[in-house]
Peer 1: 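Pasting a structure here, questions to come.
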Amino acid sequence: YNEKIEKEIKNIVKNPNDLVNIDPKKIIFFLETKLKSDPNDLVGWKVLTKTCYITGHYQKADLHFKNSLKYFPENEDLLLQYSILKRDTNQFSSAINLLEKVNEINPYNRESIKLYLSLLIQTLDEEKIIKKVRELQKDKQIDSLWLKKLLKDLKLEKIS
C-alpha cells in the first residue's frame with residue numbers, strides 16, 4: 001500500500017495539476033511513514049502538519065507539530081503554524097507561549113507580532129498588550145509605518 005501511495009505521489013510531483021485528485025489521507029499516511037525513517041525532513045513535517053490541519057485532523061496535527069519541533073525546535077514557521085492551530089482550538093495560552101518562542105528567535109517576525117497582539121486582545125490581557133505595544137514602539141528596527149497601521153487595524157492606536 002505504501003509503495004502504491006509513493007508511486008501516486010511521485011506521479012503528482014511530475015504533474016502538480018493532479019494534486020487536487022489525491023486523497024489527503026494518503027498524503028498523511030505517506031508522510032507519517034516517510035518521517036519515521038527520515039525525521040530530519042523539514043518540508044515533510046510542514047506538509048504533514050499543514051495537511052492534518054487543513055483536513056480538520058487537529059489532534060494529529062498537534063501530535064505532528066510536537067514531533068516536528070523535537071527535530072526543529074527553533075523553526076519559526078513550525079512554531080507560528082502550531083500557534084495558529086492552538087488559537088483555532090481555543091488554546092490561547094499555549095498559542096501565546098509558542099509566539100513568545102518565535103519572538104525569542106526573531107523579534108521582527110511581523111506575522112507573529114500581529115497574531116500575538118490579536119491573542120492578547122482575545123484574552124483581554126490589557127497589561128501585556130500595553131507592555132508589548134510600548135516595547136514595539138520603542139524598537140527602532142520596527143518599521144513605524146507598519147506598526148502604526150497594525151495598531152490601527154487592531155484598534156490599539158491609542159496606546160502610547
Side-chain angles (χ1 to χ4, degrees), residues 1-123 125 128-129 131-132 135-136 139 141-143 146-147 149-150 153-154:
Y1 182 72
N2 196 32
E3 289 175 15
K4 181 181 174 189
I5 293 172
E6 187 170 354
K7 184 178 178 184
E8 195 172 332
I9 289 174
K10 283 181 181 179
N11 286 334
I12 287 171
V13 170
K14 292 176 188 171
N15 189 2
N17 293 333
D18 290 342
L19 183 59
V20 295
N21 299 325
I22 191 167
D23 181 354
K25 291 178 187 171
K26 290 180 180 180
I27 295 171
I28 292 169
F29 177 81
F30 172 77
L31 287 170
E32 286 174 336
T33 304
K34 183 180 180 303
L35 289 167
K36 281 180 186 171
S37 63
D38 181 14
N40 290 309
D41 178 1
L42 178 59
V43 174
W45 285 112
K46 286 181 177 183
V47 172
L48 176 60
T49 54
K50 192 75 162 180
T51 304
C52 289
Y53 171 79
I54 289 171
T55 57
H57 294 94
Y58 296 141
Q59 288 181 321
K60 258 188 187 221
D62 191 271
L63 172 70
H64 293 310
F65 272 118
K66 285 177 187 168
N67 288 332
S68 68
L69 289 169
K70 289 177 189 173
Y71 299 96
F72 304 97
E74 297 206 349
N75 185 278
E76 287 178 56
D77 191 42
L78 285 173
L79 289 164
L80 185 60
Q81 293 306 313
Y82 194 17
S83 71
I84 291 169
L85 171 71
K86 293 293 190 178
R87 178 203 60 196
D88 291 351
T89 55
N90 298 318
Q91 298 175 59
F92 300 128
S93 61
S94 294
I96 289 170
N97 290 337
L98 289 162
L99 292 169
E100 287 171 350
K101 287 181 184 177
V102 174
N103 186 62
E104 288 172 18
I105 298 163
N106 178 4
Y108 306 107
N109 183 315
R110 289 182 176 189
E111 194 174 347
S112 175
I113 293 168
K114 182 178 180 178
L115 184 55
Y116 184 77
L117 288 172
S118 297
L119 284 166
L120 292 179
I121 291 167
Q122 280 188 277
T123 60
D125 194 334
K128 275 190 176 178
I129 294 169
K131 182 182 175 191
K132 184 63 176 178
E135 175 187 307
L136 292 167
D139 192 325
Q141 292 186 36
I142 298 280
D143 180 336
W146 173 81
L147 181 59
K149 182 181 180 335
L150 174 64
D153 291 348
L154 296 175

Peer 1: In a check of side chain to side chain contact (heavy atoms under 4.5 Å, CB included) between Leu99 and each of Leu117, Ile113, Leu120, Leu119, which one passes?
Peer 2: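 Only match with Leu99 under side chain to side chain contact (heavy atoms under 4.5 Å, CB included): Leu119.
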Peer 1: What heavy-atom pair brings Gly44 and Leu31 nearest, and what distance separates the two atoms?
Peer 2: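 Between these two residues, the closest heavy atoms are O-CD1, 3.9 Å.
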Peer 1: Could you report the tightest heavy-atom contact between Val47 and Thr51, atom names first, then the distance?
Peer 2: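 Closest pair (atom of Val47, atom of Thr51, distance): O-OG1, 2.6 Å.
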Peer 1: Drop me the distance from Leu35's CG to Leu48's CG, to the nearest 0.5 angstrom.
Peer 2: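 Result: 6.0 Å between the selected atoms.
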Peer 1: If I compare all heavy atoms of Ser83 with all of Ala95, which pair ends up nearest, and what's the gap?
Peer 2: O-CB, 3.4 Å
Peer 1: Can you check whether Leu79 reaches Ile105 side chain to side chain, under 4.5 Å on heavy atoms?
Peer 2: yes
Peer 1: To the nearest 0.5 angstrom, please state how far the OG atom of Ser93 sits from the CD atom of Glu100.
Peer 2: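 Rounded to the nearest 0.5 Å, the OG-CD separation comes out at 10.0 Å.
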Peer 1: Before giving the answer on side chain to side chain contact (heavy atoms under 4.5 Å, CB included), spell out for Gln81 and Thr49 the whole-Å C-alpha distance, their side-chain angles and the decisive distance to 0.1 Å.
Peer 2: CA-CA 9 Å; Gln81 293 306 313; Thr49 54; 5.8 Å; no
Peer 1: Where do Leu85 and Tyr82 land on the side chain to side chain contact (heavy atoms under 4.5 Å, CB included) test, with the steps shown first?
Peer 2: CA-CA 5 Å; Leu85 171 71; Tyr82 194 17; 4.0 Å; yes
Peer 1: With rounding to the nearest 0.5 Å, note down the distance linking CG in Asp38 to OG1 in Thr33.
Peer 2: 12.5 Å
Peer 1: With a 4.5 Å limit on heavy-atom distance, are the side chains of Lys149 and Asp153 in contact?
Peer 2: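 Counting from C-beta outward, Lys149 and Asp153 do come under 4.5 Å.
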Peer 1: Would you indicate whether the side-chain heavy atoms of Val102 and Leu98 approach each other to under 4.5 Å?
Peer 2: no
Peer 1: Is any side-chain heavy atom of Asn106 closer than 4.5 Å to one of Ser112?
Peer 2: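 With C-beta onward as the side chain, the pair stays apart.
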Peer 1: Do you know which two heavy atoms are closest between Asn40 and Phe72, and how far apart they sit?
Peer 2: O-CZ, 3.4 Å
Peer 1: Take Ile28 and Thr55, measure what side chain to side chain contact (heavy atoms under 4.5 Å, CB included) needs, and give me the verdict at the end.
Peer 2: CA-CA 10 Å; Ile28 292 169; Thr55 57; 4.0 Å; yes
Peer 1: Before accepting this row, confirm whether a basic side-chain N of the pair Asp143/Arg110 lies closer than 4.0 Å to the acidic partner's carboxylate O.
Peer 2: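 Looking at Asp143 and Arg110, the cut-off is met.
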Peer 1: Short question: side chain of Trp45, backbone of Pro39 - any donor-acceptor pair under 3.5 Å?
Peer 2: yes
Peer 1: Can you tell if the side chain of His64 reaches within under 4.5 Å of the side chain of Glu32, non-hydrogen atoms only?
Peer 2: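 A side-chain contact under 4.5 Å exists here.
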Peer 1: Answer whether the closest heavy-atom distance between the side chains of Leu80 and Glu111 falls below 4.5 Å.
Peer 2: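 Yes, their side chains come closer than 4.5 Å.
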Peer 1: I want to check something: taking the side chain as every heavy atom from C-beta on, are Gln122 and Phe92 in contact at a cut-off of under 4.5 Å?
Peer 2: yes
Peer 1: Out of curiosity, Gln59 CD to Thr89 OG1, how far, rounded to the nearest 0.5 Å?
Peer 2: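 Going from the CD atom of Gln59 to the OG1 atom of Thr89 covers 10.0 Å.
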Peer 1: Return yes when atom NZ of Lys114 has more than 12 non-hydrogen atoms of other residues, nucleotides or ligands closer than 6.0 Å, and no otherwise.
Peer 2: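 Count not over threshold, so no.
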Peer 1: Report yes or no: do Tyr108 and Asp139 form a side-chain donor-acceptor pair below 3.5 Å?
Peer 2: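 Present: a donor and an acceptor within the cut-off.
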Peer 1: Could you measure the distance from the NZ atom of Lys50 to the CZ atom of Phe65? Nearest 0.5 Å is fine.
Peer 2: 7.5 Å
Peer 1: Assess whether side chain to side chain contact (heavy atoms under 4.5 Å, CB included) is satisfied between Asp62 and Lys86, documenting all intermediate values.
Peer 2: CA-CA 8 Å; Asp62 191 271; Lys86 293 293 190 178; 2.8 Å; yes
Peer 1: Can you name the closest pair of heavy atoms from Ile142 and Pro107 and give their distance?
Peer 2: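 Between these two residues, the closest heavy atoms are CD1-O, 4.4 Å.
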Peer 1: Using a strict cut-off of less than 4.0 Å between a Lys/Arg side-chain nitrogen and an Asp/Glu carboxylate oxygen, indicate whether Lys132 and Glu135 qualify as a salt bridge.
Peer 2: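 Yes, charged N to carboxylate O under 4.0 Å.
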Peer 1: Around Glu74, counting heavy atoms of other residues, nucleotides and ligands shown, do more than 12 lie under 6.0 Å from its CD?
Peer 2: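 Incorrect, the count does not exceed 12.
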Peer 1: Roughly how far, to the nearest 0.5 Å, is CG of Asn109 from CG of Asn103?
Peer 2: 9.0 Å
